[in-house]
Amino acid sequence: MREVVERPKKYITLTYGCQMNERDSETIAGLVERSGYQEASSLEDADLVIFNTCSVRHSAENKVYGKLGQLKRLKHEKPGLLVAFGGCMAQLEEVRNKLQNIGVVDVVFGTHSLHELPYLLEKAAAGLEKPVVDVWSEPGKVVEHLPARRRGGISAFVNIMFGCNNFCAYCIVPYTRGRERSRQPQDILVEVQQLVEQGIKEVTLLGQNVNSYGRGLEQKVDFADLLRMVNEVPGLSRIRFTTSHPRDMSDKLIHTIAASARVCEHIHAPLQAGSNRILRAMNRGYTREDYLELVAKMRATIPGVAITSDLIVGFPGETDEDFQDTLDMVEKVRFDAAFTFMFSPRSGTKAAEMKGQLPLEVKKERLLKLNEVQYGIALEANRRLEGQRVEVLVEGQSKTNPEKMTGRTRTNRIVVFNGDEQLVGKLVEVRILAAKTFTMFGEI
Ligand code: SAM
Ligand code: SF4
Ligand code: F3S
């Protein structure tokens, strides 16, 4: 009798949203690979499709619903296909109700129950329930020692904390990720050491507000202490971190960044808006004057520091004058780069219920104007580097220009330059020849 060799089952992850989700998808991949799945090369090749979703803006959710439509057709052709749906959208009851109607999804898992996924998939495959739902409204204890299938390359994300306590009026994250929890410094250090052993040269420490790291831990440790400890890990070239809430940026932290050789001079400290009235309504906890003072302190203490921001236009009640205040702050601070967004009302947040919701046209117009100003400033900042030598960590071949290599400066600017694959993972000195808004070009 001929033995029947079963093809290993294949999975694909579809990841939306921020770096936290990218990191979670590595854990999801690690968990399903431990259960015997192999990575699929395409959606059509997969026996299991895992959505890791984002609900930060309406547009993020829409992308996911669009993809679910595509899967409905695929599932028709391949009835055994399993579809799992996790991430921030899965935490929202409204979304879960919609999923019931769409009918494509076999497993719904929340942000707090990632580690249960293999068990939930087994349950779904047994066909006892559809969909199998496991969403916790409150996070449990931080779960350590989960497997991870890293995305490759020389750089890796490391969670240092989960959740957020800030409740900015526009933001859904505290509802989808729960209250703030910090990981033990020892667990973080072991993870960083293991990554270095696997060839990682750069880590990015992740948290919704890394500046509040350590709150609630028995050991008295804050983010500055953690940075110092990670800075001591041998073999690591660079340390990055994101995001820093401007309200919680202590002097100790600023001095630690300046004094730690491997910690890059790049601080992502989102301003969000430039008008004090709007900042108050957003519940951000600082004024424009506080922010300007902070910027002055960071620039005086950390030579060459790059400061980047997130900015929202069209928050409820934002007048032309308030918007001018945002433009004015952008001109004053001169961010090296900024992510800009139109306010998107998220059901369940305070801002969604506020009076003075603005029409899409106004938001679009303001976003265009803001981008015009910010892009000009970013280009100007990049042009100042023309003719200068900068340290670049080589990441790999340039996607847009395959004969060239690409990497980043310490201030997180992308540089395209001459070189070969042997340089990957090395620090090289590149002279900048030409600068554009998002990329710089140079030679070693
Ligand atoms: N924790 C980080 C912080 O405090 O900046 C990042 C939070 S969120 C994942 C990333 C960015 O999305 C925010 O900084 C904010 O600018 C933007 N954002 C959040 N909620 C939004 C909403 N309802 N509409 C538009 N932009 C939003
Ligand atoms: Fe959202 Fe504010 Fe928390 Fe950032 S700090 S995740 S913007 S609530
Ligand atoms: Fe989105 Fe959740 Fe991140 S809402 S931005 S994936 S924390």
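Start at 1 and go down the list; that is how both ligands and their atoms are numbered. Every heavy atom of this structure was used, including side-chain atoms; hydrogens, water molecules and symmetry mates were not.
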Given 3.5 Å as the limit, does a donor-acceptor pair link the side chain of [X] with the main chain of [Y], or not?
X: R346; Y: S55; answer: yes
X: D47; Y: K10; answer: yes
X: D187; Y: R183; answer: no
X: K297; Y: D251; answer: no

Under a 3.5 Å threshold, I'd like every N/O contact between ligand 1 and protein atoms, with atom names and distance.
{"from": "ligand 1", "atom 1": "1 (N)", "to": "Q208", "atom 2": "O", "distance (Å)": "2.8"}
{"from": "ligand 1", "atom 1": "1 (N)", "to": "Q208", "atom 2": "OE1", "distance (Å)": "2.8"}
{"from": "ligand 1", "atom 1": "12 (O)", "to": "R57", "atom 2": "NH1", "distance (Å)": "3.1"}
{"from": "ligand 1", "atom 1": "14 (O)", "to": "Q272", "atom 2": "NE2", "distance (Å)": "2.8"}
{"from": "ligand 1", "atom 1": "14 (O)", "to": "D310", "atom 2": "OD2", "distance (Å)": "2.6"}
{"from": "ligand 1", "atom 1": "16 (O)", "to": "Q272", "atom 2": "OE1", "distance (Å)": "2.7"}
{"from": "ligand 1", "atom 1": "18 (N)", "to": "R57", "atom 2": "NH1", "distance (Å)": "3.4"}
{"from": "ligand 1", "atom 1": "23 (N)", "to": "Y170", "atom 2": "O", "distance (Å)": "3.0"}
{"from": "ligand 1", "atom 1": "23 (N)", "to": "S344", "atom 2": "O", "distance (Å)": "2.8"}
{"from": "ligand 1", "atom 1": "24 (N)", "to": "S344", "atom 2": "N", "distance (Å)": "3.0"}
{"from": "ligand 1", "atom 1": "26 (N)", "to": "R57", "atom 2": "NH1", "distance (Å)": "3.2"}

Does the side chain of [X] come under 3.5 Å of the side chain of [Y] through a donor N or O and an acceptor N or O?
X: Y16; Y: E61; result: no
X: E289; Y: N276; result: yes
X: T411; Y: H266; result: no
X: T242; Y: Q19; result: no

| task | With sequence neighbours excluded, give me every side chain to side chain donor-acceptor pair (under 3.5 Å) pair touching residues 108-121. | result |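 Passing the test, one end in residues 108-121: Q91-T111.
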| So is R284 close enough to ligand 2, meaning a heavy atom under 4.0 angstrom away? |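 Right, R284 reaches ligand 2.
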| said: Measuring only between side-chain heavy atoms, which start at C-beta, is E33 closer than 4.5 Å to P147? | reply: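 Side-chain contact under 4.5 Å: no.
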| task | Please say which of T13, V107, V105, L71 ends up in a side chain to side chain contact (heavy atoms under 4.5 Å, CB included) with F51. | result |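 Between F51 and the candidates, side chain to side chain contact (heavy atoms under 4.5 Å, CB included) is satisfied uniquely by L71.
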| Partner of L206 under side chain to side chain contact (heavy atoms under 4.5 Å, CB included), chosen from M20, R240, E22, M161 |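 The residue from M20, R240, E22, M161 that satisfies side chain to side chain contact (heavy atoms under 4.5 Å, CB included) with L206 turns out to be M20.
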| message | Tell me whether the NZ or CZ atom of R277 lies within the 45° cone about the ring axis of F315 and under 6.0 Å from its centre. | response | no
| field | Protein N, O or S atoms lying under 2.8 Å from atom 1 (Fe) of ligand 2, listed by chain and number | value |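 Near atom 1 (Fe) of ligand 2, below 2.8 Å, one finds C171 SG.
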| task | Count, excluding waters, the protein N, O or S atoms that are closer to atom 2 (Fe) of ligand 3 than 2.8 Å. | result |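 There are 1 of them.
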| Residues R23, E26: salt bridge by 4.0 Å N-O rule | yes
| task | Would you mind running through ligand 3 and noting each atom that sits below 4.0 Å from a heavy atom of Q208? | result |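 Heavy-atom distances to Q208 below 4.0 Å select 7 (S).
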